[in-house]
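Below you'll find the structure, written out as structure tokens, and then a few comments.
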Amino acid sequence: MTDGAVLAVEMVSKTFPGQVALDQVPFVVKAGRVHALLGQNGSGKSTLIKILTGFHQADEGAKANLLGSDLDLVSGSGERDKRIHVMHQDLGLINSLNSVENLALGRGFHTGFLGRVRWSMENARAQAHFATLGATFDLRVPVGKLASSERSLVALARALEGWDDGGGLLILDEPTASMTRNDVTALFESVRKIRDRGAGVIFVSHRLDEVFEIADDYTVLRDGKVVASGAVKDLTREALITLIVGRTLEGIGSFERELTEQPVLEIRNLWGDRLEALDCTVRAGEIVGFAGLVGSGREELPGLLFGANKRAAGTVSIKNNSSSTNPNRSMAAGMALVPAERKRYGSIGNQTVRANISLANLRSLTSRGRLSRKLESSEVAKWADLVELRPISSERIFDTLSGGNQQKALIARSLRTKPSVLVMDEPTQGVDVGAKSAIYRLIRQAAAEGTGMVVCSSEAEELVALCDRVVILVRGRAVAQLQGGDITTESIVWQSLQ
Amino acid sequence: MKIIKAKNSPNSHSSLFSKLSPAHASIAYIYSAGFLLFALWIPSLWFSWGTHKSVLNISFVVPAIVAVGLCVPLLSGAFDLSIAGVMSASAITSSWLIVEKGWSIYAAILVAMFVALVCGVLNGLLVVKIGIDSFIATLGMGAILSAYAEWLSGGLQITGLPDNFKNLARAQIVFGLQAKVIYLIVIALIVWYVIEHTPIGRYLQATGDNRESARLAGVRTNFYTFGALMTSAFVAGIAGIIQTAGVGAGNANTGGPFLLSSFAAVFLGSTQFKGRFNVWGTITAVWVLLSLVKGVELALQSYRWLNQVFFGLALIIAVGMSKLLERRNIRLAARRRQSEAAAGSL
């Protein structure tokens, strides 16, 4: 064990079916230091966090030491070691309960005679606990009514509950993703207090300015391997970006074609929950990408364009017809959406692939109101072939397909409606490498046939590989627009981190 | 309430053998077992056409009609607990207008059906526009409608209905069967056709299985939920009129006994043939349950509590079975994906 280390792990590997997520990773967190864990999506950092918190089990051979005693990561019970404290991105608070109750939920209430909760004791303990974090707000107000910075303190307090000796490990798993700058400052003040009491802190974030602000040490993961580790003060911002990005995606070739000037999608002064005043025009056959971190407004853009979510202001017009806030009418106007999170928003999982593909345009498969199974089967077979569903299995239950085939089937559903504009949200989320390049070919093919494509993606390489133009969103605003040769992974990451 | 299709492999749906397997047609087996039991126990009564005819004429038709109507909102993922209240409301409205106000039976029936449709529209508004959970909205609506029926009838049976009204349900047709069997057949055929052979059925099903996915695929989910709640209320209204004509008197609690039976039948039916809510499974379930109740009634001669026990058990067993099937299918799917991934990485 390394001296002064709170946590020391080595040889941590994790193999998922068909994919190595972590490859013999070493990782040391020292006492009284904040350690930034960095890497792009899919680099393995969330897998590592999930192994440390007992959610995943590591492959045989992993060794770990926590505060001087062995930590079993391999056979794990699925439970988190009590000495590891975690604050998750979504905070995980119950809004209708107050701070005292939220605090007690994790460990159970102190009860007295007949199981009665001993409120005075709970209140006193909570007061004392929150005071150490510098919290000054009323603890008896329902958490949902607190300011966001106060809510994050409640989450932090809960993560630290029962942590009396000051030593131990605190994991902050992208806690700042949807926070404002002021909230982050407040959170960091508390984190510094904890660090100064001698705790080890793991800090996961995509925001590099925050890393330079709070972290003492760093480790960068790429493709499941540690590519660099050291002290943050020895590092420049540029060097860190290069470490995170590594190489660019290769092997899908260039895509040259003449673009017409005809606009198919015009976004004017579009406002959403986070998105602010977006203006953008997409021409026929053009592939326009949107990049941005969690909380930049990128995630809500597809729903706003498609009319699935309420727009705060602004218009979206498809071929000069302004589209309403209703998916059905957006489709009639010529827009289609392939949503992210297929299982929740894309597929009817317990129905057949056939029913999923045909769903968006069933009227074309009817004769005098009757749905023709024959027409449907031949139409679905045609599309299954076009999107390279392998094996062609249109009678299978959708949920039993691999991720790649599921995504291809949903793309087929959208393309079948012959859209003028196709919006794709995280088009290759949860698909393997082979399916990825097949999906890229489909996107290019659709563009070549004159469809205006909007691709929202958290993977910079994906946007580099696909897009004619990339709009970078930061905190709701379009801060930059990259074109042609300027679209590189470095430039996208660099601009997103401003 | 999600029910995953039992069939998983591409060729299983076509084979008759698997269609009749115990997993897909369990009530056929239950019925056979019951049939055999009563054939040995009470042979003379059981093998008389009169026994089965009385099930058809007296107890079968009305619950079957209500249950078929109920299939529609359940398919779209919405509960309709107001059907009993709607039945009572339409029963009392029609008989009150005829007996107390001296209206012609056709005008009274039209008004009663209109009342039922309005109930459906109200349900739709509460669930779709205001966003109240369908379970809660229709529970409240049902209670209000029962109260309306109680109030209009003054708590008394409305007797003195004319024969031409009673004959709408009771007129003899072939084999001594009553006219109301025809209404069931017509309603069942319409609902079956729409659910199984038009895009509407697909849209309802997609809405019920994953509302958000369906909406993002362009399905007008609110429209279909609204329409489904209108359908079940309208059909329940018709059932209320048929029941009144069949019994020959308007009763403020006409619908009460049919709430449990229709839910039991629809859920038991959903485990049959298709693995989701379907018309023929529902009708078969009503028939089997009522025949078995009749058999026990004849054999034991004590029956007041039998219906409740049978339907309660059927509801629990049906939903329990579909949960078990669902879990099995999830396991199978996981195993399949694993083996595919293993094959892919080689």
Side-chain angles (χ1 to χ4, degrees), chain A residues 15-19 302-303 306 308 326-332 335-339 341-353 355-356 358-366 369-373 376 391 393-397 399-405 410 413-414 417 432 434, chain B residues 2-14 77 193-224 274-276 322 325-326 329-346:
Chain A
T15 317
F16 291 112
Q19 190 203 352
F306 194 54
N326 173 329
N328 181 267
R329 287 194 213 135
S330 296
M331 288 186 78
M335 187 191 280
L337 169 73
V338 178
E341 288 189 66
R342 296 184 276 282
K343 217 174 158 56
R344 271 176 78 187
Y345 300 119
S347 62
I348 317 286
N350 59 332
Q351 295 188 10
T352 59
V353 176
N356 269 279
S358 63
L359 182 65
N361 188 2
L362 279 172
R363 205 167 293 169
S364 67
L365 304 173
T366 57
R370 189 180 208 275
L371 187 61
S372 160
R373 277 292 290 270
E376 189 189 14
S393 45
S394 38
E395 291 307 316
R396 258 172 72 175
I397 300 299
D399 273 348
T400 67
L401 297 188
S402 68
N405 276 331
L410 294 187
R413 174 207 281 169
S414 296
T417 64
D432 60 62
Chain B
K2 268 189 206 162
I3 284 151
I4 290 199
K5 282 193 186 181
K7 57 193 187 197
N8 245 344
S9 64
N11 42 18
S12 70
H13 72 285
S14 52
Y193 182 81
V194 171
I195 286 181
E196 303 291 338
H197 290 287
T198 71
I200 297 171
R202 289 288 181 80
Y203 293 144
L204 286 170
Q205 212 186 319
T207 304
D209 285 347
N210 187 339
R211 195 180 180 83
E212 200 48 27
S213 285
R215 188 172 83 97
L216 293 180
V219 177
R220 290 181 295 161
T221 48
N222 283 343
F223 174 85
Y224 288 104
K274 297 248 170 208
R276 59 175 161 78
S322 66
L325 274 178
E326 191 177 327
N329 284 333
I330 288 169
R331 265 203 313 278
L332 286 178
R335 214 171 293 158
R336 181 175 200 145
R337 262 206 302 274
Q338 254 170 15
S339 64
E340 269 181 4
S345 64
L346 286 177

Does Asn210(B) reach the side chain of Tyr345(A), with side-chain heavy atoms less than 4.5 Å apart?
->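 No; the side chains remain at least 4.5 Å from each other.
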
Are side-chain heavy atoms of Glu376(A) and Arg202(B) found at a separation under 4.5 Å?
->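 When only atoms from C-beta onward are counted, Arg202(B) and Glu376(A) do touch, with a gap below 4.5 Å.
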
Heavy-atom donor-acceptor pair, Asp209(B) side chain to Ser347(A) backbone, under 3.5 Å |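 Pair absent, no side-chain N/O of Asp209(B) close to backbone of Ser347(A).
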
Can you tell me if Asn328(A) uses its side chain to pair, donor with acceptor, with the backbone of Arg215(B) under 3.5 Å?
->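 No, the answer is negative, given that no donor and acceptor are paired below the 3.5 Å cut-off.
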
Separation between OG of Ser213(B) and CZ of Arg413(A), rounded to the nearest 0.5 Å =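 These two atoms lie 6.5 Å from each other.
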
Of all heavy-atom pairs between Thr198(B) and Gly369(A), which one has the smallest distance, and what is that distance?
->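 Result for this residue pair: CG2-O, 3.5 Å.
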
Taking all atoms of both residues into account, what is the closest heavy-atom pair of Ala206(B) and Ile348(A), and its distance?
->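 So the minimum-distance heavy-atom pair works out to O-CD1, 3.7 Å.
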
Looking at Pro327(A), Ser358(A), Ser414(A), Ser394(A), which makes the most heavy-atom pairs under 4.5 Å with chain B?
->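 That would be Pro327(A).
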
Largest heavy-atom contact set with chain B, pairs under 4.5 Å, which of Ala360(A), Ser372(A), Gly346(A) =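 When all of Ala360(A), Ser372(A), Gly346(A) are compared, Gly346(A) has the most.
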
Measure distances from Phe306(A) to the heavy atoms of chain B and classify the residue's part below 4.5 Å as side chain, backbone, both or neither.
->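 The side chain, not the backbone.
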
Mind checking what makes side chain to side chain contact (heavy atoms under 4.5 Å, CB included) contact with Arg342(A), not counting sequence neighbours?
->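 Side chain to side chain contact (heavy atoms under 4.5 Å, CB included) list for Arg342(A), sorted by chain: Gln406(A), Gln407(A), Leu410(A), Val431(A).
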
Check salt bridge (Lys or Arg N to Asp or Glu O under 4.0 Å) between Glu196(B) and all other residues, then give those that pass, not counting sequence neighbours.
->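 Per chain and number, Glu196(B) pairs via salt bridge (Lys or Arg N to Asp or Glu O under 4.0 Å) with Lys274(B), Arg276(B).
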
